[in-house]
Amino acid sequence: ECYVKPDGLDYRGTVDTTVGGILCQKWSEQTPHTHEFSQVNYPNGGLGRHNYCRNPDYDGAPWCFTTNPDIRWQHCDVGRP
Ligand SMILES: O=S(=O)(Nc1cnn(C2CCNCC2)c1)c1cc(Cl)ccc1F
């Protein structure tokens, strides 16, 4: 899955695992990590009731909160052009 805008801001693919091989937490859930990245706070972030990697906060690359309670968030490898 490739993306063209810098840092994958427009990435809307379905990679749901981090570079560390951890499954992503759903953006619509607050466990194991509570967070502020809701569809309401980031209406254009592509955040929904899924756990796909996204880059709603102009980070260096798409990322997600992880399902590992000890690792809050991690970047994803979504393939760069
Ligand atoms: O709930 S959070 O979104 N968690 C959080 C912590 N670090 N991150 C990174 C996500 C990837 N981009 C850099 C920030 C997100 C969060 C955001 C802010 Cl501004 C402050 C505290 C906090 F808890």
Side-chain angles (χ1 to χ4, degrees):
E1 193 80 13
C2 291
Y3 52 87
V4 287
K5 274 194 186 156
D7 308 332
L9 292 171
D10 64 340
Y11 176 71
R12 294 295 183 269
T14 59
V15 169
D16 65 357
T17 310
T18 67
V19 290
I22 312 169
L23 188 65
C24 294
Q25 173 183 317
K26 284 189 179 178
W27 297 100
S28 53
E29 292 181 358
Q30 294 288 327
T31 55
H33 305 286
T34 59
H35 63 85
E36 306 167 2
F37 284 84
S38 65
Q39 180 86 17
V40 173
N41 291 349
Y42 292 86
N44 307 318
L47 312 179
R49 306 175 69 81
H50 60 71
N51 68 337
Y52 303 138
C53 304
R54 292 290 183 263
N55 184 12
D57 61 344
Y58 292 79
D59 196 300
W63 58 275
C64 67
F65 291 105
T66 85
T67 49
N68 177 333
D70 300 327
I71 301 178
R72 186 163 176 75
W73 66 275
Q74 209 169 59
H75 285 118
C76 304
D77 179 5
V78 298
R80 295 187 62 126

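All figures in this text were calculated on a predicted structure; none of them were measured in a lab.
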List in chain and number order the residues that pass side-chain hydrogen bond (donor to acceptor under 3.5 Å, both in side chains) with Q25, two or more places apart in sequence or in another chain; answer none if no residue qualifies. none
Residues which pass side-chain hydrogen bond (donor to acceptor under 3.5 Å, both in side chains) with D57, listed by chain and number, not counting sequence neighbours: W63
For D77, I'd like to know if atom CG has over 12 heavy atoms of other residues, nucleotides or ligands within 6.0 Å. no
Closest heavy-atom pair and its distance - [X], [Y]:
X: G45; Y: P56; result: CA-CB, 4.2 Å
X: C53; Y: T17; result: SG-O, 3.9 Å
X: D7; Y: N55; result: O-ND2, 2.5 Å
X: T66; Y: P32; result: O-CG, 3.6 Å

[Y] backbone acceptor or donor facing [X] side chain under 3.5 Å:
X: N68; Y: D70; result: yes
X: R54; Y: G48; result: no
X: Q74; Y: G20; result: yes

Got a sec, which hydrophobics cluster with I22, joining ILVMFWY side chains under 4.5 Å apart, including via others?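 Once heavy-atom contacts under 4.5 Å are chained together, I22 belongs with I71.
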Pairwise distance OG1(T67) to CG(L23) - rounded to 0.5 angstrom: 4.5 Å
Tell me which pairs pass disulfide (SG to SG under 2.5 Å) where either residue lies in residues 21-52, with sequence neighbours left out.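 Qualifying pairs, neighbours excluded: C24-C64.
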Going by the rule ring-ring contact (aromatic ring centres under 6.0 Å, His included), which residues pair with H75 if we only count those two or more places apart in sequence or in a different chain?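 W73.
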Going by side chain to side chain contact (heavy atoms under 4.5 Å, CB included), name the residues that satisfy it together with E29, two or more places apart in sequence or in a different chain.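 Partners of E29 by the side chain to side chain contact (heavy atoms under 4.5 Å, CB included) criterion, ordered by chain and then number, come out as K26.
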Can you pull out every side chain to side chain donor-acceptor pair (under 3.5 Å) where at least one residue sits in residues 42-53? Sequence neighbours excluded, please. none
